[in-house]
Amino acid sequence: MKNVNNFFKKKDSSKLYLIIFAILFVLLIVRIFFTGGGTNVANTLIANKTEKKTPIELSFSDVLRRANDIKTMDIQKDNVAIGTLKDGTPYRATITYNPELLEKISKNGATVSINNTDSLWDGVAKWLPILVSALFLFWLLRLMRGGNNGGGITRSLIGQNPTKIVTGKTKTTFKDVAGIDAEKQDLMEVVEFLKNKDKFKTLGARVPRGILLSGEPGTGKTLLARAVAGEANVPFFATSGSDFSGIIVGLGVAKIKEIFELAKRNAPCILFMDEIDAIGQSRSKHTINDNDREQTLNQLLIEMDGFSNETGIIVIAATNRPDMLDAALLRPGRFDRQINIELPNLEGRRDILNLHAKKYKIGEQVDMMNVARGTTGFSGADLENLLNESALHAVRVGHKVVEQSDIEEARDKILMGPVKNRKMRPEDIKLTAYHEAGHAFVGTHYSDITDPIHKATIIPRGRALGMVQHLPIDDKVSMRLDEIRANLSVFLAGRASEEIFFGANKITTGAESDIAMATQLARRSITMAGLSNKIGMVAVNQAQTFGQRIALENASEKTAESVDAEIRNWLDAAYKDAKTLVSKNKATVEKLAKALLDKETLSGEEIREIVSGKKTAKKVTKKSNAKK
Ligand code: ADP
Ligand code: ZN
């Protein structure tokens, strides 16, 4: 999930990894410290024992041959022995540790010693890690044996890690969920069941055991599941599919068992499983034979089949890839109820904004409906984040309450990136102003069929040097042909204005994204929506290939050619239209450009005033000091 809230989600499996890493770390330290120490001790010992003469080197066969000559032998680690010969020559030998040899040497009156200090250290260094690992393995084994007789250790690992045990009941209720009323309604039945199992039993009504919530990240799946528990006043256990795929084979199975055990003991309850696709991915979908995951999935299926409806456990799973799930999961008696949570619509966004706005001090002039209009495609989590960013911005600039300008700034930052402190040449700034003025003018000209202009700016942000933003009045479900043609003109008006004011050889690359968007809109209208008479109502599928080229599938070469020609026709017509509009109204466009150079940002109202030639003084002051 690219969701910002992700960061705050408790990934409790990390604790397990932490423990493992901690142990590995300790082992490493032990290893370094003790082996290091050991060598040092050995070295000093060698240094002390060796007399001034440098020792001669003896091979093992030399030692065997000259066993009689040896006076002392001190056996070090790594099969090294040092000592002196009977004639006083120090030696150093490589030996194989072998009792017979020692016996033979000592029989001849030599003193044989084993370097105790060294081998003690060495022993510790060798054995401690093994001992610790053994203890760790023992602990894991107990863990894997599952919950039946696991006792304290098992309970503490599984109980605290993937499972958030909400011992008190969750306080979240449906009141905390806004904008998805239909989905709430769907889940009301589950709440009723949890509250009143007996009634359902006498009626013989079948209540789903498993509910699958699908939807993009941040659409409120977790929130909704929690709210069901809160509404029904039952415990909520949350876990995530990604917690079950561990480094230890068999751990997933044990964890599944454990969590269902826990649920059974606390029924009626909600068992929430986020990111179920992590274990429930279709078996054919992954190429590597991931046996562990398969076992975990099987265990989940076994558990789902294993409890009877009366138990009162409702398993709610969430995913943003329902298409990836193994069909076995969706069979009756498992996750047979699917609820898809869409991104919130306009009203939904307003409601979610209003709900979260309670946490902040929001200025009175802020109109949440307006904010909702500018946030098409935002999820609930995105909206929450937007308000948070706005509040941060308000603090940064020293506002007492969150103002419209703070929200505006936060939104632009989320959508387009932070303001760039790019040094721009004055002529580039000027050209940008005329470019945006072209968009703004043609946009205003078509304001009865296109989305009203929200603002125009020449403050660079992200990759854009400037921009004109439109605010839809409503969520779009479809577009009319005249609206599409008007939009194409608006898209190309930036370039048109550049050409008219600066000349055909001064046009810039600044229209790149305008042209891309216009082309895409025209292509979709022609090849998919059947809006072109020349091509007709034929769906010409298009496949996006690498290198940005679009290849046409399902189309003869001839069709492909005429599609390309038709797109060109549309764009040429739009460009011609935009150029006519700008050149006929050069003075007005110039006025807009000068105002942009002067103020950097113009509100929709200011633009409309300039275009219509009327001036209502009061509005201008309010906006112009809101933005620097
Ligand atoms: P998901 O599980 O779908 O990724 P979450 O339930 O974790 O999304 O949503 C993250 C946060 O976004 C929630 O805690 C909540 O603050 C906010 N949120 C998302 N959807 C809604 C909604 N419909 N109403 C209110 N808040 C929402
Ligand atoms: Zn442009």
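One-based numbering, in listed order, for ligands and for the atoms of each. What you are looking at is a predicted structure, and each value in this text was computed from that prediction instead of being measured.
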Check each atom of ligand 1 against the heavy atoms of Pro217 and keep those under 4.0 Å away; list them by number with element. 4 (O)
For Ala178, is at least one N or O under 3.5 Å away from an N or O on ligand 1? yes
Report the residues that fulfil side-chain hydrogen bond (donor to acceptor under 3.5 Å, both in side chains) with Asp451, sequence neighbours left out, ordered by chain and then residue number. Lys476
Would Leu355 count as a polar contact of ligand 1, with the cut-off being nitrogen or oxygen pairs under 3.5 Å? no
Nearest heavy atom to atom 27 (C) of ligand 1: which of Asp176, Leu223, Asp274 does it belong to? Leu223
Note: Ile180, heavy atoms under 4.0 Å from ligand 1, region reported as side chain
Apply side-chain hydrogen bond (donor to acceptor under 3.5 Å, both in side chains) to Glu403 and list each qualifying residue two or more places apart in sequence or on a separate chain. none
Atoms in ligand 1 with a heavy atom of Val177 nearer than 4.0 Å: 23 (N), 24 (N)
Determine whether the side chain, the backbone, both or neither of Thr219 has a heavy atom under 4.0 Å from any heavy atom of ligand 1. both
Has His356 got any heavy atom lying under 4.0 angstrom from an atom of ligand 1? yes
Check Arg337 with Glu189, please: is the shortest side-chain N to carboxylate O separation under 4.0 Å? yes
Flag the pair Lys359 / Asn388 as yes when at least one side-chain heavy-atom distance between them is below 4.5 Å, and no otherwise. no
Atom pair CE (Met368) and CD1 (Ile352), whose distance is rounded to the nearest 0.5 Å: 12.5 Å
Measure the CD-CG distance between Gln365 and Asn370 for me, rounded to the nearest 0.5 Å. 12.0 Å
Would you call Glu409-Arg461 a salt bridge at under 4.0 Å N-O? yes
Please determine whether Asp514 has a backbone or side-chain N, O or S atom lying under 2.8 Å from the Zn ion (ligand 2). yes
Subset of ligand 1 atoms that lie under 4.0 Å from at least one heavy atom of Glu384: 11 (C), 12 (O), 15 (C), 16 (O), 17 (C)
Identify whether the distance between the nearest side-chain nitrogen and carboxylate oxygen of Lys586 and Glu590 falls below 4.0 Å. no
With heavy atoms under 4.0 Å as the rule, classify the contact between Lys221 and ligand 1 as side chain, backbone, both or neither. both
Looking only at distances, can you tell me whether any N or O atom of Gly179, backbone or side chain, sits closer than 3.5 Å to an N or O atom of ligand 1? no
Measure the distances from the heavy atoms of Gly215 to every atom of ligand 1 and state whether one is below 4.0 angstrom. no
For the residue pair Tyr434 and Phe502, does the interplanar ring angle fall in the parallel (under 30°), tilted (30 to 60°) or perpendicular (over 60°) class? perpendicular
